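Read the structure below first, then the notes.
All of these numbers come straight from a predicted model, not from anything done at the bench.
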Amino acid sequence: MTSISARATGTAEAASPPGGGRGPEPGPAPGPGPVPLPDPGPVPGGGTGGGGLDAGTGPYQGYVYAYPHKTAYRPLDPRPPLREVWAGEPTGSLFLYLHIPFCEMRCGFCNLFTRTGAPEELVAAYLDALERQAHAVRDALDAPEFVTAAIGGGTPTYLSAGELTRLFDLTEKTMVDLRAVPLSVETSPATATADRLAVLAERGATRVSIGVQSFVDAEARAAVRPQRRAEVEAALGRIREAGFEALNLDLIYGIDGQTERSWRHSLDAALAWRPEEIYLYPLYVRPLTGLGRRARDWDDHRLGLYRQGRDHLLAAGYEQVSMRMFRLPGTGSATEYCCQSDGMVGLGCGARSYTSGLHYSYEYAVAAGQVRAIIDDYVRLAPEEFAVANVGFRLDPGERRRRHLIQSLLQAEGVDPAAYRDRFGTEAAEDFGGELALLAERGWLEPAGRSEDGAARIRLTAEGLAHSDAIGPALFSGRVRALMAGYEAR
């Protein structure tokens, strides 16, 4: 059995022979979900939606990295065969996501689906199950073409170099050679070791994302992420030395004791590495997580730090892609994947998959004991069990429109009315006129025709982007809000 410390330092190899998250979005998972909203009446986007944007609504209601959230998923009865789920679906531009639910430690801000201290035997069993699942899913797909991929977690580099090699081997054997597509992999300061990074580089990783959170040791401890800046800087040096096309660096604002001065210190320390991407995450405290019992009202403080960080990165030459994401111009990987309309194939017990009509996954949990139980069940599944969808959410035409709106509007480039019209045959401004009018009243929506590129896009203003975590949940349908409200946290 490999100890946690041995895995973190990369000094132990797996005993087993060598053999893809937020908009795959790294970092903290969503906030506590949408606040209760008034009923504005039926809307075309599926149920009701669009209330809750009064002056009393705080800016941090929930991180909408996907719609709907997995707490809106329910057991599917009967469980549909994956071959039927994917029948007739376009498969020429797919996203492949591999989920590794293991970490060397659980940070205080984290409510990701992950467990700590997994022994070698469990990792080997998990990779065995992942391979069984990959074969079953591949058999259900008709001539799939993957155009982008990600490996998330958890911390994928919790796996040893040998285990990572096996992960790449089984993926290449069943799905796609990951050297042929843009590939993002998440790591941590403790697990970004030279041998692991060498595997990632040799097997085609183009982007490495590392969760630094803070360059101030005391703030890292306050977030229950014990690490030292020297360790972080050494990991960043190894990543740069490995030669990946893109480095993404995650920072968190709103940590206990964090000030404008210390926040600027972390921003400048990050900029010293000139990462191609930087994500700025607000700290969320959640029930069932380490900091969940210490919640207090610090919305104004977080919003002030966000604005400081945004302005500092823009002044440093970065462009804003969303509330969280900032990128150096000209450094994004070209991909044919469109998150609003193209499908996603998820492998692993915490991964979700998307078709046009069904989003599906396995059970969702946050509490450590429940997560462990789900992982233990997953590794014991027989091959035929991977050929069906277990838990999910069916999207009617209204929910598809609403998902398209949310996933577009929360990006800086906004909604392309022509693309919406081509896909649905209707106008976004008419389908969601009430919701958009509320945003305009708050000064969060640009006037029509004001877009810099001349296109009549529907875009948030700078303050609208700053309030993305209030706008997103307020746009949820009544059906999704009811399902999320009825979910029992585990």
Side-chain angles (χ1 to χ4, degrees), residues 21-37 45-49 51-52 58 60-77 79 97 99 101 106 109-115 152-154 281-282 284-292 295 344 346 348-355 357-375 377-378 389-396 398-400 402-403 406-407 410 468-490:
R22 346 340 243 296
E25 39 329 72
V35 294
L37 305 175
T48 60
Y60 300 105
Q61 300 301 319
Y63 173 19
V64 184
Y65 64 92
Y67 179 80
H69 187 258
K70 284 175 75 172
T71 53
Y73 291 15
R74 293 294 182 271
L76 299 169
D77 187 16
R79 297 183 300 166
Y97 180 74
H99 179 242
R106 192 179 187 101
F109 54 80
C110 178
N111 75 330
L112 296 178
F113 185 95
T114 187
R115 65 156 287 175
Y281 287 96
Y284 271 102
V285 291
R286 291 291 304 270
L288 305 180
T289 61
L291 297 179
M344 184 166 86
C349 64
R352 66 182 88 192
S353 298
Y354 302 148
T355 69
L358 178 68
H359 292 186
Y360 64 92
S361 182
Y362 291 94
E363 293 279 352
Y364 175 70
V366 175
Q370 295 290 344
V371 169
R372 289 182 177 228
I374 292 172
I375 294 173
D377 288 343
Y378 173 84
N390 292 276
V391 177
F393 179 92
R394 296 189 182 277
L395 288 80
D396 60 26
E399 292 288 10
R400 295 176 201 175
R402 187 169 292 278
R403 178 174 183 264
I406 292 172
Q407 292 199 293
L410 298 185
S468 292
D469 283 10
I471 292 170
L475 292 174
F476 289 5
S477 72
R479 174 190 172 204
V480 166
R481 293 202 304 271
L483 286 167
M484 292 179 68
Y487 173 80
E488 183 178 348
R490 303 174 59 195

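- Under the rule for a side chain to side chain contact (heavy atoms under 4.5 Å, CB included), the partners of A351 that lie at least two apart in sequence or sit in another chain are Y97, H99.
- In this structure, S353 has no side chain to side chain donor-acceptor pair (under 3.5 Å) partners at least two apart in sequence or on a different chain.
- Aromatic ring pairs are classed by plane angle as parallel below 30°, tilted from 30° to 60° and perpendicular above 60°; the pair H359 and Y73 is perpendicular.
- Nearest heavy-atom pair, L358 versus A389, reported as atom, atom and distance to 0.1 Å: CD2-CB, 4.3 Å.
- One distance of note links CZ of R403 with OH of Y354; it measures 6.0 Å at 0.5 Å rounding.
- Nearest heavy-atom pair, A470 versus P473, reported as atom, atom and distance to 0.1 Å: O-CD, 3.6 Å.
- Residue P101 forms a side-chain contact (heavy atoms from CB on, under 4.5 Å) with just one option from V371, I375, I374, and that option is I375.
- The aromatic rings of Y284 and Y60 lie perpendicular to each other, with more than 60° between the two planes, well past the 30° mark.
- Here OG of S468 is found 11.5 Å from CD1 of I406. Values are rounded to the nearest 0.5 Å.
- Here the shortest heavy-atom pairing between E399 and Y67 reads OE1-OH, 2.7 Å.
- Under the salt bridge (Lys or Arg N to Asp or Glu O under 4.0 Å) criterion, R79 pairs with E385, sequence neighbours left out.
- Applying the ring-ring contact (aromatic ring centres under 6.0 Å, His included) test to Y362 and every residue at least two apart in sequence or in another chain returns Y378.
- Looking at heavy atoms from C-beta onward, R352 lies out of side-chain contact with F393 at the 4.5 angstrom threshold.
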Would you sort out whether R402 and V480 count as a side chain to side chain contact (heavy atoms under 4.5 Å, CB included), showing the intermediate values? CA-CA 11 Å; R402 187 169 292 278; V480 166; over 6 Å; no

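- Counting heavy atoms from C-beta on, the side chains of P68 and L483 never come closer than 4.5 Å.
- In terms of heavy-atom proximity, L410 sits nearest to G472 at CD1-CA, 4.0 Å.
- Residues meeting the side chain to side chain contact (heavy atoms under 4.5 Å, CB included) test with T71, sequence neighbours left out: H69, Y364, M484, Y487.
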